[in-house]
Amino acid sequence: MGYSAKKLIRLVDGMPAFPPSVYRILQLTSDINCEPKDLVRVIDHDPVLTLKLLQLVNSPYFGLSRQIGSIRQAVVFVGINTIKNLVLTIAPMEMLSRQGTDNRWMENLLAHAIGVGVIAKHLARRCGISEVEATDYFVAGLLHDIGKMALHRFKPEDYKDALRLAKKKGLPLLEAEREIFGVDHAQVGAMLGDKWCLPVELVVSMEKHHDWNPNLSLLQDCVYAANLMAKRLRVGNSGNDTPEHLPRELEQRFGAKIEELVGTLGDLSGEMNFTQILIHP
Amino acid sequence: MKVKFWGVRGSIPTPGPSTVKYGGNTTCIEVRTDDNDLIILDAGTGIFPMAMTLFPELPITCHLFISHTHWDHIQGLPFFIPSFIPGNTLRIHGAYDPIDRRDIREILSGQLQYCYFPVREAELKARLEYVTLKERQVAQAGSATVTNILMNHPVLCFGYRIECNGKSVFFTGDHEQLYNIYGPDDPEYHEYEQYMTQKNQAIVEFIRGVDVLIADTSYTVEDYPAKKGWGHSTYDANIAMARAAGVRQVFFTHHEPTRGDAALEKVFQDAMDRHPRQPGDPEFALAREGLVFEL
Ligand SMILES: [Zn+2]
Ligand SMILES: [Zn+2]
């Protein structure tokens with residue numbers, strides 16, 4: 001079995017474009033001096049993003065004493081910096097939720113993705129990465145399984161076959177995917193990342209999140225480790241939860257074995273719940 | 001009620017010969033009610049000398065209110081000696097940080113990680129209680145009530161209003177006067193102005209009639225254009241706010257770290273000259289370390 005190369009390219013081409021507003025926001029906010037009004041304009045033209053932002057600002061996490069009804073009002077009442085940071089978290093989430101969350105399997109996968117994002121950010125902090133950069137680690141964790149989501153979304157029947165095959169033969173999901181599609185979700189994720197012109201480091205992180213080697217960057221290491229940690233903690237479900245150990249070099253890098261690292265995370269539920277609102281307000 | 005300033009410097013401590021008069025410690029204000037309840041506003045480095053005066057009163061209950069968790073407002077907290085001594089109670093109030101997704105307890109205990117500080121939270125012998133506040137939530141602090149309003153700063157920052165026996169104090173925390181992100185030619189300009197008016201009115205109403213207003217006044221009008229968006233106000237903006245809210249006494253604080261005593265007095269005098277006294281005006285003064293004000 002397996003898809004021909006041509007069929008695969010057609011499949012990826014048929015997948016949704018990266019929402020231009022999200023792309024624009026990532027671009028704008030990477031410039032520390034970006035004009036607040038430019039940012040507000042991009043948000044303003046994206047009704048989904050606007051809605052999410054307003055839902056969050058009005059959520060108990062902000063604890064505001066009045067209802068906020070528009071983006072501009074939100075900027076005045078909670079400040080442009082807070083809005084900017086919020087949008088930076090929401091934008092990549094949007095990317096995922098637009099893949100659809102219409103069944104249990106997708107929901108579990110999404111919870112897993114959020115868990116990996118949150119844990120990757122914790123690992124980044126542990127390694128002394130600044131709060132601003134730690135957001136990149138969150139995004140990388142969040143997107144690491146986008147290939148899985150895309151395959152499931154666009155070839156649901158074939159993907160169910162892959163899941164069944166993995167279960168029946170006791171195969172890693174990755175191998176079952178290769179049997180059915182001729183590629184695995186890590187490769188599809190990387191193809192999508194290329195198509196969306198995401199930063200190379202992010203694309204490689206998607207490609208290598210099951211296939212560690214000592215030449216990866218800190219961000220890629222963090223996503224790799226976060227993925228294994230999320231599985232141990234059973235945060236969501238990635239469809240493949242045999243517990244694995246960290247490669248020796250990674251244990252050295254983080255100064256701990258995976259069991260101890262998991263122990264340093266503390267209670268993630270608050271952070272997980274908060275991020276969940278972005279998807280199910 | 002009584003107010004005492006223990007730290008009046010913004011951003012970073014600035015000890016040295018040029019700051020001897022006004023002081024170099026970062027934000028910490030002690031407020032005492034008529035019943036001698038202790039309320040502490042922010043835990044900058046000024047909290048350390050303050051803590052040294054508390055020994056005769058131990059065991060003690062402290063009501064600490066954190067405006068926001070920027071370094072200069074929490075840096076002294078690990079050195080607040082009463083928290084090491086059993087029998088004391090430290091009740092710490094502050095906002096949830098929706099960006100960092102951590103509440104006040106998580107943020108402050110993060111400060112006590114071993115790599116930053118040799119004592120862990122679990123080893124603190126006092127009773128520590130954390131209260132995560134929502135906007136305008138009323139907190140009781142002994143015989144005083146404390147309410148808050150969201151100010152304008154790069155992170156969520158609460159201004160606190162303390163009331164007791166008919167007297168009141170408002171502390172802005174760090175706050176930047178609102179400004180329109182649009183130019184007058186942009187179609188969104190007027191809508192934004194309206195929201196600004198709403199927010200300004202909400203703040204002015206909240207402060208209305210307080211006996212003492214303690215206001216972040218880091219900048220002069222000349223400084224401001226280069227510092228727009230950094231989250232701090234000017235003398236002129238605070239004078240206008242104090243007049244609008246009809247307050248009795250204003251203390252300017254969060255002094256620019258690069259401004260020595262002489263320069264500070266000069267920019268204060270310039271601002272006073274620019275805004276000649278009008279009938280009903282509040283008294284204006286620079287906050288100074290060690291200064292006590294009875295109301
Ligand atoms: Zn400050
Ligand atoms: Zn600040």
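In the text below, chain A, chain B and the rest are named by the order of the sequence lines, each starting its count at 1.
- Taken to the nearest 0.5 Å, the OG1 atom of B:T132 stands 12.0 Å off from the OH atom of A:Y61.
- The closest side-chain heavy-atom distance from A:R41 to B:D186 is below 4.5 Å.
- Note that CG of B:L156 is 7.5 Å distant from CG of A:L64, once rounded to the nearest 0.5 Å.
- Between the side chain of B:K134 and the backbone N or O of A:P60, at least one donor-acceptor pair lies under 3.5 Å.
- The candidate with the highest count of non-hydrogen atom pairs below 4.5 Å against chain A, out of B:L150, B:D97, B:D103, is B:L150.
- Other residues, nucleotides and ligands contribute at most 12 non-hydrogen atoms within 6.0 Å of the CZ atom of B:R127.
- Taking CD1 of A:I80 as the reference point, atom CG of B:N152 lies at 10.0 Å (rounded to 0.5 Å).
- When all heavy atoms of A:V40 and B:Y182 are compared, the pair lying nearest together is CG1-OH, 3.3 Å.
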Would you please test A:R66 and B:E135 for salt bridge (charged side-chain N to carboxylate O under 4.0 Å, His left out) and show each step?
-> CA-CA 9 Å; A:R66 69 148 64 214; B:E135 193 185 20; over 6 Å; no

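- The candidate from B:Q198, B:H153, B:R136, B:M196 with the greatest count of non-hydrogen atom pairs under 4.5 Å with chain A is B:Q198.
- For a residue to count as touching a neighbouring chain, one of its non-hydrogen atoms must lie under 4.5 Å from one of that chain's; by this rule B:E176 does not touch chain A.
- At a threshold of 4.5 Å between non-hydrogen side-chain atoms, the residues B:Q137 and A:S65 do not count as touching.
- Both the backbone and the side chain of A:V75 have a heavy atom closer than 4.5 Å to some heavy atom of chain B.
- By the 6.0 Å contact criterion, CD1 on B:I12 is open, its count of non-hydrogen atoms from other residues, nucleotides or ligands being 12 or less.
- No side-chain donor-acceptor contact under 3.5 Å links B:E191 and A:Q73.
- The CZ atom of A:R72 sits 7.0 Å away from the OH atom of B:Y195 when rounded to the nearest 0.5 Å.
- In terms of heavy-atom pairs under 4.5 Å with chain B, the best-connected choice from A:L86, A:V57, A:V76 is A:V76.
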